[in-house]
*Asks:* 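Submitted below is the structure of interest, expressed as structure tokens.
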Amino acid sequence: MPRAILLCVVAALTIFLLTPLARGADDRLLAGVATVDITPPPGQMLWGYSTRKHAATGVLDPLMAKAVVLKVGDKSAAIITLDLGRTPEEAALAKLRGRVLAESGVADLFITASHTHHAPVMDTAPDATNPYSDKVCEQIGDVICKAAKELTPVRIGVGRGTADFAHNRRKFLPDGRVAMQWRNVEREPTEPVDREVAVIRLDRADGTPLAVLFNYTCHPVVMGDDNYLYSADFVGPACALVEAELKTKCLFLQGACGNINPYADKTPLDQGGVEETRKMGRGVGEIVARVARETKTTLPARPALQFSARQIPIRVRWDFEDPEVR
């Protein structure tokens with residue numbers, strides 16, 4: 001997810017505190033949260049590594065869909081995070097948006113995937129549907145509608161921390177060329193790397209936490225292609241730690257992770273891949289939990305919900321007419 005999109009989300013939320021509006025009975029900032037396990041039975045082909053030879057054989061940790069619905073007056077929006085490699089395809093999302101609007105009145109959905117490489121393929125073929133993708137869209141719709149039914153007045157706060165678990169995998173050589181440095185357990189300094197952890201905390205009116213949303217930029221690829229178990233990679237244990245410590249729901253918003261890999265990238269299972277995944281997850285989770293605990297929330301006096309959406313065309317970076325590239 002581009003960094004600019006996350007900043008738009010943070011800006012849209014923090015603007016609740018800044019925009020002067022006439023206060024009315026329905027002008028409170030309301031929020032609801034809901035989650036659902038979207039882990040399928042073993043047997044789905046896994047997304048992310050083209051070198052895998054067969055389908056998933058089991059579950060290491062659950063894949064989750066989580067939704068926060070925000071409402072001020074007659075305007076509402078939902079933020080949905082998915083433990084998937086990518087979101088469902090556009091046709092499926094269009095159908096989902098129509099259903100959610102009809103059933104809950106929520107017109108604007110911000111849907112993002114964590115980019116884990118240990119979740120099922122979401123693509124459909126021209127001559128066949130993808131039953132798992134269809135099921136996930138149904139579950140996403142259910143969880144948004146559930147969150148929309150559980151709206152409550154909330155306080156909001158934004159905090160920031162720093163984490164150092166990742167490197168830029170494109171290494172610049174002395175002659176100006178670029179080489180891929182997938183793994184970097186020596187922690188050789190690389191740039192650019194976004195080390196900020198941005199945290200949004202939503203509390204109920206009485207100060208108890210309703211949800212924590214956080215952004216950290218890194219590919220969830222601590223495990224490699226020898227893992228055939230469904231997993232959210234480091235994101236799973238990070239969110240689990242926050243949820244256990246703050247007794248709330250935790251949503252992960254991926255940053256611009258295109259060239260940002262964990263230091264312990266693609267650790268083979270027989271060299272501690274699972275342990276490294278959980279170690280990084282705990283490290284990230286501890287930082288998020290600390291920042292969330294230190295973040296002060298405020299009950300907005302003049303809340304407003306503002307956002308915009310636009311398509312950003314992105315060209316293919318490879319020249320397929322070049323024989324070497326092909």
Side-chain angles (χ1 to χ4, degrees), residues 1-2 5 34-67 78-104 106-147 219-221 223-225 227-233 235-236 251-254 256-258 309-318 320 326:
M1 180 179 70
I5 294 179
T35 67
V36 63
D37 189 328
I38 58 173
T39 314
Q44 295 288 321
M45 294 301 297
L46 291 169
W47 182 92
Y49 296 121
S50 61
T51 50
R52 284 193 173 110
K53 305 300 182 184
H54 56 80
T57 58
V59 180
L60 179 63
D61 54 275
L63 306 176
M64 303 297 295
K66 305 176 183 180
I79 300 173
I80 302 97
T81 63
L82 308 171
D83 290 331
L84 295 174
R86 48 156 291 181
T87 61
E89 294 180 322
E90 189 54 41
L93 291 179
K95 183 178 179 181
L96 168 66
R97 294 176 194 277
R99 176 205 161 182
V100 169
L101 178 60
E103 295 185 15
S104 72
V106 179
D108 292 274
L109 309 182
F110 180 90
I111 305 174
T112 179
S114 69
H115 202 56
T116 175
H117 283 35
H118 313 287
V121 171
M122 299 297 293
D123 306 73
T124 58
D127 57 347
T129 60
N130 183 331
Y132 176 68
S133 178
D134 293 341
K135 177 64 175 177
V136 165
C137 284
E138 179 183 341
Q139 292 177 295
I140 295 172
D142 291 344
V143 81
I144 297 171
C145 293
K146 185 174 187 294
H219 262 84
V221 291
M223 291 182 293
D225 62 0
N227 173 58
Y228 285 89
L229 302 177
Y230 299 126
S231 173
D233 205 87
V235 176
L251 290 76
F252 170 74
L253 295 165
Q254 181 61 272
C257 70
R310 63 189 177 99
Q311 291 187 340
I312 302 175
I314 301 174
R315 66 177 178 82
V316 177
R317 65 185 176 191
W318 298 284
F320 291 111
R326 187 187 299 276

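Along the sequence shown, the residues carry numbers beginning at 1.
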*Asks:* Looking at H115 and H219, would you say the former's side chain and the latter's main chain have a donor-acceptor pair under 3.5 Å?
*Replies:*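 No, because the side chain of H115 does not come within donor-acceptor range (under 3.5 Å) of the backbone of H219.
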
*Asks:* Output every pair passing side-chain hydrogen bond (donor to acceptor under 3.5 Å, both in side chains) with a member in residues 48-60, not counting sequence neighbours, ordered by first then second residue.
*Replies:*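 The answer is T51-D225, R52-H118.
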
*Asks:* Could you walk me through whether D142 and V36 pass the side chain to side chain contact (heavy atoms under 4.5 Å, CB included) test, one step at a time?
*Replies:* CA-CA 9 Å; D142 291 344; V36 63; over 6 Å; no

*Asks:* With rounding to the nearest 0.5 angstrom, report the CD1 to CD1 distance, I144 to I80.
*Replies:*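 These two atoms lie 3.5 Å from each other.
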
*Asks:* Taking it one step at a time, do M223 and H117 satisfy side chain to side chain contact (heavy atoms under 4.5 Å, CB included)?
*Replies:* CA-CA 8 Å; M223 291 182 293; H117 283 35; over 6 Å; no

*Asks:* Out of curiosity, R315 CZ to R317 CZ, how far, rounded to the nearest 0.5 Å?
*Replies:*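 Output value for this atom pair is 10.0 Å.
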
*Asks:* Measuring from I111:CD1 to I79:CD1, what's the distance to the nearest 0.5 Å?
*Replies:*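 Reported to 0.5 Å precision, the distance equals 11.5 Å.
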
*Asks:* May I ask you to decide if M122's main-chain N or O and R86's side chain share a donor-acceptor pair within less than 3.5 Å?
*Replies:*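 Side chain of R86 to backbone of M122, a donor-acceptor pair under 3.5 Å: no, none is there.
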
*Asks:* For the pair S231 (side chain) and D233 (backbone), establish whether a donor and an acceptor sit closer than 3.5 Å, ignoring hydrogens and angles.
*Replies:*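 Here the side-chain-to-backbone pair exists.
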
*Asks:* Can you classify the ring geometry of W318 versus F320 as parallel (below 30°), tilted (30 to 60°) or perpendicular (above 60°)?
*Replies:*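 Geometry flag for F320 against W318: tilted rings.
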
*Asks:* What's the spacing between E138 CD and I38 CD1 if we round to 0.5 Å?
*Replies:*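 Answer rounded to 0.5 Å: 12.5 Å.
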
*Asks:* Determine, step by step, whether K95 and C137 satisfy the side chain to side chain contact (heavy atoms under 4.5 Å, CB included) criterion, reporting the C-alpha distance in whole Å, the side-chain angles of both residues, the deciding distance to 0.1 Å, and the verdict.
*Replies:* CA-CA 9 Å; K95 183 178 179 181; C137 284; over 6 Å; no

*Asks:* Could you walk me through whether Y230 and D83 pass the side chain to side chain contact (heavy atoms under 4.5 Å, CB included) test, one step at a time?
*Replies:* CA-CA 10 Å; Y230 299 126; D83 290 331; over 6 Å; no

*Asks:* Any donor-acceptor pair under 3.5 Å linking the side chain of T39 with the backbone of L63?
*Replies:*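 It does hold such a pair.
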
*Asks:* How close do P120 and L84 get, counting heavy atoms only, and between which atoms?
*Replies:*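 Taking every non-hydrogen atom into account, CD-CD2, 4.4 Å.
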
*Asks:* Taking side chain as C-beta onward, heavy atoms only, is E89 less than 4.5 Å from D123?
*Replies:*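 Contact flag for E89/D123 side chains = yes.
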
*Asks:* Judged by atom type as modelled, is there a donor-acceptor pair below 3.5 Å linking the side chain of N130 to the main-chain atoms of Y132?
*Replies:*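 At least one qualifying donor-acceptor pair exists.
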
*Asks:* Check V100, L96, L93 against I140 for a side chain to side chain contact (heavy atoms under 4.5 Å, CB included) and give me the one that passes.
*Replies:*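 The single option meeting the side chain to side chain contact (heavy atoms under 4.5 Å, CB included) with I140 is L96.
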
*Asks:* How many angstroms lie between CG in D134 and OG1 in T124, if you round to the nearest 0.5 Å?
*Replies:*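 Interatomic distance, D134 CG to T124 OG1, rounded to 0.5 Å: 8.5 Å.
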
*Asks:* Between G236 and A232, what is the shortest heavy-atom contact and its length?
*Replies:*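 For G236 versus A232, the nearest heavy atoms are N-CB, 3.6 Å.
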
*Asks:* What closest approach, in Å, do A65 and L82 show between heavy atoms, and which atom pair accounts for it?
*Replies:*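 Nearest pair, atom of A65 first, then L82: CB-CD2, 3.6 Å.
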
*Asks:* Looking at every non-hydrogen atom in both residues, tell me the closest pair between A119 and G85 and how far apart they are.
*Replies:*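 Answer, listing the atom of A119 first, then G85: CB-N, 4.0 Å.
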
*Asks:* Judged by atom type as modelled, is there a donor-acceptor pair below 3.5 Å linking the side chain of Q139 to the main-chain atoms of D37?
*Replies:*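 Yes, because the side chain of Q139 sits within donor-acceptor range (under 3.5 Å) of the backbone of D37.
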
*Asks:* Could you state the interatomic distance from NZ (K66) to CG (L251), rounded to the nearest 0.5 Å?
*Replies:*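 If I round to the nearest 0.5 Å, the distance is 6.0 Å.
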
*Asks:* How close do G43 and A55 get, heavy atom to heavy atom, and via which atoms?
*Replies:*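 So the minimum-distance heavy-atom pair works out to O-CB, 3.2 Å.
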
